[in-house]
Amino acid sequence: MNVLWLVEDSPNQLKRLESLLRDLEYEVHAFRNADELLEHISDLPTPDAIVMDLALKVTSNGFQAAEKIRALRPEISVEKFCFISGWKKQFSPLTPNAFADSEIIDKANWRLQDLQEALDHAINSQRTA
């Protein structure tokens, strides 16, 4: 079973995504914000992929949260991140170089196939930190 970390600050979206991903037979570790994930990061199994919301209330944005995660867990490569946002157009120009090849899934228009393809890419990525 593939391990996913999920960071989503909307309680309803978090619940829906967590349920959907569990139904797809992923082991999901869900967090309301990046700070909550960072509190537990040393105790978590290494993820096969990370689904990260970009518009986080506690952390400035998901890209910054991803950089903090990678600083604490350098074995997690940039390819393991799947970014999601209802503000895709606003975040696309802010994408740091490290995540330039990362796709942002638009929460307003996403399809299950989009998420599954992004997760398959992240999980099957052979590149390491």
Can you check whether Tyr26 reaches Asp48 side chain to side chain, under 4.5 Å on heavy atoms?
no
Taking His29 as the fixed residue, which of Ile50, Val3, Val7 is the one that meets the side chain to side chain contact (heavy atoms under 4.5 Å, CB included) rule?
Val3
Is the closest side-chain heavy-atom distance between Ile84 and Asp106 below 4.5 Å?
no
Taking the side chain as everything from C-beta on, heavy atoms only, tell me whether Leu14 gets closer than 4.5 Å to Asp9.
no
Hey, does the side chain of Gln116 reach the backbone of Leu112 with a donor-acceptor pair shorter than 3.5 angstrom?
no
When rounded to the nearest 0.5 angstrom, what distance separates CG in Leu54 from CE in Met52?
8.5 Å
Any heavy-atom pair between the side chains of Glu27 and Leu4 that's under 4.5 Å?
no
Return yes if some donor-acceptor pair links the side-chain N/O of Asn124 with the main-chain N/O of His121 below 3.5 Å, else return no.
no
pair Ile76-Phe81: side-chain heavy atoms closer than 4.5 Å:
yes
Answer whether the closest heavy-atom distance between the side chains of Lys80 and Pro47 falls below 4.5 Å.
no
Under 4.5 Å between side-chain heavy atoms, hopping through other hydrophobics if needed: is there a path connecting Met1 to Ile123?
no
Side-chain contact, heavy-atom cut-off 4.5 Å: Arg73 with Trp5?
yes
Salt-bridge test for Lys107 and Glu8: reply yes if a basic N is under 4.0 Å from a carboxylate O, no otherwise.
yes
Starting at CG of Asn33, measure out to CG of Asp53 and round the result to the nearest 0.5 Å.
11.0 Å
One should read off an interatomic distance between Leu17 CG and Arg22 CZ, to the nearest 0.5 angstrom, of 12.0 Å
